[in-house]
Amino acid sequence: MTKRMAVLKALRARRPLTAKALVDEWTLDAESAAEVEQNGERVRAKLRAAASGKTFVAPRRDLVQDRDIFKQIQACMRAGASVRLVARKGAGVLAWKKTIYSAPRDKFEKALPRERRLHPTPNTWIKSIWVPGWDHTGDRLKALSWAMVLNESPGIAFTIRLGPEVISAGLSFKHGIAAYIRDRLQRRLRERFHALGFPSPDMFVSIEVPRGGELHVHGAVSVPGDRDDHCEEDKAYLQAKAVVRHVLDQVAGNWVGPSGVDRGRKVDTKRLDTPLRWVSYVSKCTLSSERMLDGRALAASNGLRSKARRWYVDARKFGVVIKAGPNWRDHGLVDLDDLEPGS
């Protein structure tokens with residue numbers, strides 16, 4: 001059940017809504033309004049091009065296209081299909097040429113249940129989805145690439161709540177609060193990791209500003225260790241995880257909960273084992289957050305941006321497959337071992 005459905009169900013039952021439910025509903029409404037505004041900007045750009053006799057060229061950072069391609073990937077994974085990222089447009093992606101993407105996306109999602117009956121396993125059900133070149137992607141597809149790179153080694157996903165002094169300093173930073181938090185984290189993590197003999201970590205952050213709620217930060221960071229299930233027993237991994245939590249606590253500043261005390265919600269960490277799902281979560285209100293911040297809401301370290309670009313270019317060139325797991329919580333891993341050659 002989505003948050004919006006939960007709110008509507010509570011209204012029908014005439015039960016009092018919690019403050020968190022109202023904040024979630026307002027945030028979703030703000031994000032929907034931002035998406036409508038992006039669609040409107042794209043339509044006006046096409047009309048101006050047509051009126052002047054010119055051909056419309058999509059902007060380099062096309063947020064509308066980026067959003068809808070990402071949602072198409074989500075729909076495939078939820079339905080149980082694996083996804084192949086490709087560089088050539090095919091029959092399944094011609095709908096992206098239309099001005100408003102909602103109708104083609106709805107039609108696409110309605111067709112998925114019929115296809116599911118023909119493909120009992122994700123190994124035979126592979127949807128090829130066209131993605132634009134790296135320079136023409138928006139933040140969501142870039143964040144997907146960041147998370148896929150971090151998933152190749154043990155990654156730690158995190159959420160931190162910032163003290164007022166950190167928020168004030170970040171908002172006054174010339175490159176924006178996302179860059180401010182990234183730089184603080186990167187500098188302190190690099191120092192602590194080098195002291196332990198570990199390489200500099202890769203990382204990204206996402207600033208979320210709920211409508212009527214408190215600004216907070218999501219993100220992920222790479223740590224040394226093995227990617228397999230025995231990672232939790234690896235000494236280097238445990239050392240690095242302790243360092244990450246300590247640095248996150250320092251960077252967050254003097255945050256206290258609504259009741260005036262810190263109840264342990266200041267720093268939250270977990271294994272980054274479902275990269276697509278994590279990116280879906282951290283980017284759920286990126287457009288509205290960027291409007292409230294008047295700047296970028298996502299930022300990544302230089303090393304991660306470079307690695308992610310190479311991953312993305314190779315994914316388009318060779319058709320990298322993002323394999324669906326048994327349910328929504330387990331999907332998003334790149335696994336070619338179970339696929340037939342040439343499939």
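This structure is a prediction, so every number in the text was calculated from the model and none was measured.
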Q: Measure the OG-CZ distance between Ser200 and Arg187 for me, rounded to the nearest 0.5 Å.
A: 13.5 Å
(Q) Against the six-membered ring of Tyr281, is Lys284 placed for a cation-pi contact (under 6.0 Å from the centre, within 45° of the normal)? (A) yes
(Q) Within this structure, what is the NZ-CG distance for the pair Lys266 and Leu248, rounded to the nearest 0.5 Å? (A) 10.0 Å
**Q.** Smallest separation among heavy atoms of Gln239 and Leu196, with atom names
**A.** NE2-CD2, 4.3 Å
Q) With sequence neighbours left out, what residues match Asp66 under salt bridge (Lys or Arg N to Asp or Glu O under 4.0 Å)? A) none
Q: Please test Arg310 against Ser306 for side-chain hydrogen bond (donor to acceptor under 3.5 Å, both in side chains), starting from the C-alpha separation and ending with a verdict.
A: CA-CA 7 Å; Arg310 289 195 297 270; Ser306 176; 3.1 Å; yes
Q.
Check this for me: does any side-chain nitrogen of one of Asp135 and Arg309 sit under 4.0 Å from a carboxylate oxygen of the other?
A. yes
Q: Taking all heavy atoms of Phe193 and all of Pro224, pick out the closest pair and write down the distance.
A: CE2-CD, 4.0 Å
(Q) On a heavy-atom basis, which atom in Val131 and which in Arg316 lie closest, and how many Å separate them? (A) O-NE, 2.8 Å
Q: Check whether Trp130 and Phe318 end up in the same hydrophobic cluster, where Ile, Leu, Val, Met, Phe, Trp and Tyr are linked by side-chain heavy atoms less than 4.5 Å apart.
A: no
**Q.** Whether Arg140 side chain and Arg67 backbone form a donor-acceptor pair below 3.5 Å
**A.** no
Q: For residues Leu189 and Arg184, determine if any side-chain heavy atom of one lies less than 4.5 Å from a side-chain heavy atom of the other.
A: no
Q) What is the distance from atom CE of Met292 to atom OG of Ser288, rounded to the nearest 0.5 Å? A) 7.5 Å
Donor-acceptor list for residues 141-148 side chains, cut-off 3.5 Å, not counting sequence neighbours:
residue	atom	partner	partner atom	Å
Lys142	NZ	Trp134	O	3.0
Lys142	NZ	Thr137	O	3.2
Lys142	NZ	Thr137	OG1	2.6
Ser145	OG	Leu141	O	3.1

Q: Give the minimum heavy-atom separation between Asp202 and Gly303, together with the two atoms involved.
A: OD1-C, 3.8 Å
Atom pairs and distances, side-chain donor-acceptor, residues 154-177, under 3.5 Å, sequence neighbours left out:
residue	atom	partner	partner atom	Å
Thr159	OG1	His218	ND1	2.9
Arg161	NH1	Arg265	O	2.5
Glu165	OE2	Asn254	N	2.8
Ser172	OG	Ser168	O	3.2
Ser172	OG	Ala169	O	3.0

Q | Lys307/Glu152 ion pair, N-O < 4.0 Å | A | no
Q.
Restricting to non-hydrogen atoms, name the atom on Asp273 and the atom on Asn151 that form the minimum distance, rounded to 0.1 Å.
A. CA-OD1, 4.1 Å
Q. Does the side chain of Arg192 reach to within under 4.5 Å of the side chain of Val247, using non-hydrogen atoms?
A. yes
Q: Kindly give the heavy-atom pair with the smallest separation between Gly319 and Arg84, and that separation in Å.
A: O-CG, 3.3 Å
